[in-house]
Amino acid sequence: MALIYPVLADAPDSDEEALPDFAELAADLSDQWLVEVTVGEEGDEGCFGPLTARAAWDLAVGVDQRRPGWNVSILPLYLPGTPDELAAAFDDDDDA
């Protein structure tokens, strides 16, 4: 189905064959990551991690190559914060 991974909204378009910049992902998003696998629309699902950005990428790509019909997502694992901090992370600058 799909290999889903985060990219920065303001990042320039990259070559589809190029690997993500793992150091940039760790610095800008998180240094710990999860790989989420969903098998079919009503199938089993699992979440694996925490992993480094590179280890999560390698695991996700390996699973996607072996089972292209599965959804495989790479997700940053954020440290929990307060409810206000979480809400602020999703607020637009225009709402301030």
Side-chain angles (χ1 to χ4, degrees):
M1 286 185 187
L3 175 62
I4 304 163
Y5 62 95
V7 295
L8 298 173
D10 59 351
D13 290 339
S14 64
D15 177 11
E16 288 190 21
E17 298 296 320
L19 291 174
D21 182 346
F22 299 108
E24 183 177 317
L25 288 173
D28 290 340
L29 296 176
S30 179
D31 58 354
Q32 294 186 333
W33 294 75
L34 300 174
V35 174
E36 183 177 78
V37 177
T38 305
V39 181
E41 290 182 23
E42 294 183 25
D44 294 329
E45 57 184 46
C47 201
F48 307 93
L51 303 163
T52 65
R54 181 60 195 239
W57 177 262
D58 291 343
L59 177 61
V61 168
V63 170
D64 185 60
Q65 289 172 343
R66 288 163 180 79
R67 300 293 187 271
W70 295 358
N71 276 336
V72 181
S73 302
I74 303 170
L75 308 165
L77 177 63
Y78 298 104
L79 295 175
T82 67
D84 289 335
E85 290 169 337
L86 180 62
F90 290 96
D91 285 339
D92 288 337
D93 292 333
D94 298 336
D95 293 341

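Excluded from the calculations below are hydrogen atoms, water molecules and symmetry mates; all remaining heavy atoms, backbone and side chain alike, are included.
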Got a second to check how far [X]'s [atom1] is from [Y]'s [atom2], nearest 0.5 Å?
X     : Y     : atom1 : atom2 : result
Asn71 : Glu36 : CG    : CD    : 9.0 Å
Leu51 : Leu59 : CG    : CG    : 6.5 Å
Trp57 : Ile74 : CH2   : CD1   : 5.5 Å

Q. Heavy-atom distance under 4.5 Å between the side chains of Val35 and Val72, does that happen here?
A. yes
**Q.** Test item: Trp70 and Asp64 side chains (from C-beta on) under 4.5 Å apart, heavy atoms
**A.** no
Q: Applying side-chain contact (heavy atoms from CB on, under 4.5 Å), name anything that partners Leu34, two or more places apart in sequence or on another chain.
A: Cys47, Leu77
Q) Do you know the tightest heavy-atom contact between Arg66 and Gly62? A) NH1-O, 2.9 Å
**Q.** Considering all heavy atoms, the nearest Trp33-Ala56 contact
**A.** CB-CB, 3.7 Å
Q: If a pair satisfies salt bridge (charged side-chain N to carboxylate O under 4.0 Å, His left out) and one of its residues is in residues 45-55, list it, with sequence neighbours excluded.
A: Arg54-Asp58
